[in-house]
Amino acid sequence: MAESIAYTKSAGREQIYQELAPQIGALIGAEPDLIANLANVAAVLKEAFGFFWVGFYLKKGEQLVLGPFQGPLACTRLSFDQGVCGHAYSTAQTVIVPDVDAFPGHIACSSAARSEIVVPIFDANGEVFAVLDVDSNQLDDFSETDAKGLKAIADIVERSHSRV
Ligand code: SME
């Protein structure tokens with residue numbers, strides 16, 4: 001297993017996402033444990049982009065429960081009908097929120113969070129089993145570049161997980 005990742009530090013996000021994807025594939029491709037893989041994906045994204053908060057919530061029963069993450073202390077349990085994570089889970093769509101204060105029902109785990117993107121992750125049956133949540137302390141920090149780059153990483157997690 002690779003013990004470090006390589007990427008062009010001066011590059012823009014689009015290029016960095018492209019450089020990371022195959023390395024994440026190699027990193028988690030040989031390991032069947034979901035939690036171990038999500039932990040490393042969160043670490044790679046934090047290291048490469050310096051995101052304020054990046055992590056996963058996993059569907060457990062009728063809630064989304066905090067999984068591996070990097071960043072400040074976070075809310076432990078979220079309802080399906082609340083917040084950006086609940087919205088992404090319920091609609092099975094990526095959600096970009098340029099200003100979290102303007103999003104009805106946003107759950108403020110940290111008062112420093114200003115914008116957010118949440119990407120659903122699907123199991124082998126096409127059901128959402130987790131979401132990838134990234135928070136920024138800057139307004140309007142996420143674009144279609146992040147949606148595409150994070151979706152590609154979610155797809156890698158899906159392929160790895162659905163194989164088990
Ligand atoms: N803000 C999220 C909750 C999770 S934390 O940001 C880590 C939401 O509204 O779903």
Side-chain angles (χ1 to χ4, degrees), residues 5 7 12-14 16-17 20-21 24 27-28 33-123 125-158 160-162:
I5 50 159
Y7 57 94
R13 284 191 190 170
E14 184 171 5
I16 295 177
Y17 281 120
L20 292 183
I24 289 175
L27 182 66
I28 71 176
D33 190 274
L34 175 67
I35 297 301
N37 286 335
L38 298 184
N40 265 337
V41 171
V44 168
L45 292 174
K46 175 75 171 174
E47 182 182 335
F49 297 107
F51 290 136
F52 175 72
W53 194 94
V54 50
F56 297 89
Y57 281 88
L58 301 163
K59 178 187 184 289
K60 296 199 177 174
E62 296 304 307
Q63 290 181 308
L64 295 170
V65 180
L66 183 64
F69 72 96
Q70 297 268 321
L73 179 73
C75 308
T76 310
R77 290 175 183 269
L78 308 171
S79 310
F80 294 154
D81 61 353
Q82 281 186 309
V84 187
C85 290
H87 191 61
Y89 174 82
S90 303
T91 59
Q93 301 280 333
T94 294
V95 181
I96 295 176
V97 179
D99 178 356
V100 295
D101 291 335
F103 186 91
H106 170 255
I107 300 163
C109 294
S110 166
S111 59
R114 299 262 69 92
S115 58
E116 179 165 358
I117 181 170
V118 183
V119 179
I121 305 177
F122 299 86
D123 66 17
N125 299 318
E127 305 289 327
V128 180
F129 77 92
V131 297
L132 168 56
D133 180 12
V134 185
D135 290 3
S136 173
N137 55 7
Q138 296 171 50
L139 277 173
D140 201 13
D141 199 16
F142 301 109
S143 69
E144 281 306 312
T145 297
D146 300 286
K148 196 173 154 212
L150 295 171
K151 174 79 172 80
I153 291 167
D155 286 348
I156 294 167
V157 172
E158 275 168 34
S160 171
H161 179 64
S162 60

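Both counts, for ligands and for their atoms, begin at 1 and track the order of listing.
Residue Asp135 has at least one heavy-atom neighbour below 4.0 Å for each of these atoms of ligand 1: 5 (S), 6 (O), 7 (C). Remark: ligand 1 atoms within the under-4.0 Å shell around heavy atoms of His106 are 1 (N), 9 (O). Set against the non-hydrogen atoms of Asp133, the atoms of ligand 1 under 4.0 Å away are 4 (C), 5 (S), 6 (O), 7 (C). Near Trp53, meaning under 4.0 Å from one of its heavy atoms, ligand 1 places the atoms 7 (C). Heavy-atom contacts of Cys85 reach the following atoms of ligand 1: 8 (C), 10 (O) (cutoff under 4.0 Å).
In terms of polar-atom proximity, defined here as any N/O pair under 3.5 Å, Tyr57 makes no such contact with ligand 1. The distance criterion of under 3.5 Å between nitrogen or oxygen atoms is met by Val84 with respect to ligand 1. Distances between N or O atoms of Gly105 and those of ligand 1 include no value under 3.5 Å. Looking at ligand 1, you'll find an N or O of Glu116 within less than 3.5 Å of one of its N or O atoms.
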- Item | Residues Ser115, Asp140; criterion side-chain contact (heavy atoms from CB on, under 4.5 Å); working and verdict | CA-CA 6 Å; Ser115 58; Asp140 201 13; 5.7 Å; no
- Message: Go through it in stages, so that I can follow the logic: the residues are Val65 and Tyr57, the test is side-chain contact (heavy atoms from CB on, under 4.5 Å), and I'd like the CA-CA distance, side-chain angles, deciding distance and then a yes or no.
- Response: CA-CA 5 Å; Val65 180; Tyr57 281 88; 5.8 Å; no
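Under the side-chain contact (heavy atoms from CB on, under 4.5 Å) test applied with Leu58, the options Ile121, Leu38, Val131 reduce to a single match, Leu38.
Salt-bridge check for Arg13 with Asp146: passed, with a basic side-chain N closer than 4.0 Å to an acidic carboxylate O. Residues Arg114 and Asp101 are paired through a salt bridge, judged by an N-O separation under 4.0 Å between the basic side chain and the carboxylate.
Contact annotation: for Ile107 versus ligand 1, heavy atoms closer than 4.0 Å belong to both the backbone and the side chain.
Protein heavy atom at the shortest distance from atom 5 (S) of ligand 1 is Cys109 SG, 3.0 Å.
Below 30°, between 30° and 60°, or above 60°: for Phe51 and Phe142 the angle between ring planes is between 30° and 60°, a tilted geometry. Ring geometry for Trp53 against Phe69 counts as parallel: the plane angle stays under 30°, on a 0 to 90° scale with 60° as the upper cut.
Looking at every heavy atom in both residues, Phe52 comes nearest to Lys46 through O-NZ, 3.5 Å.
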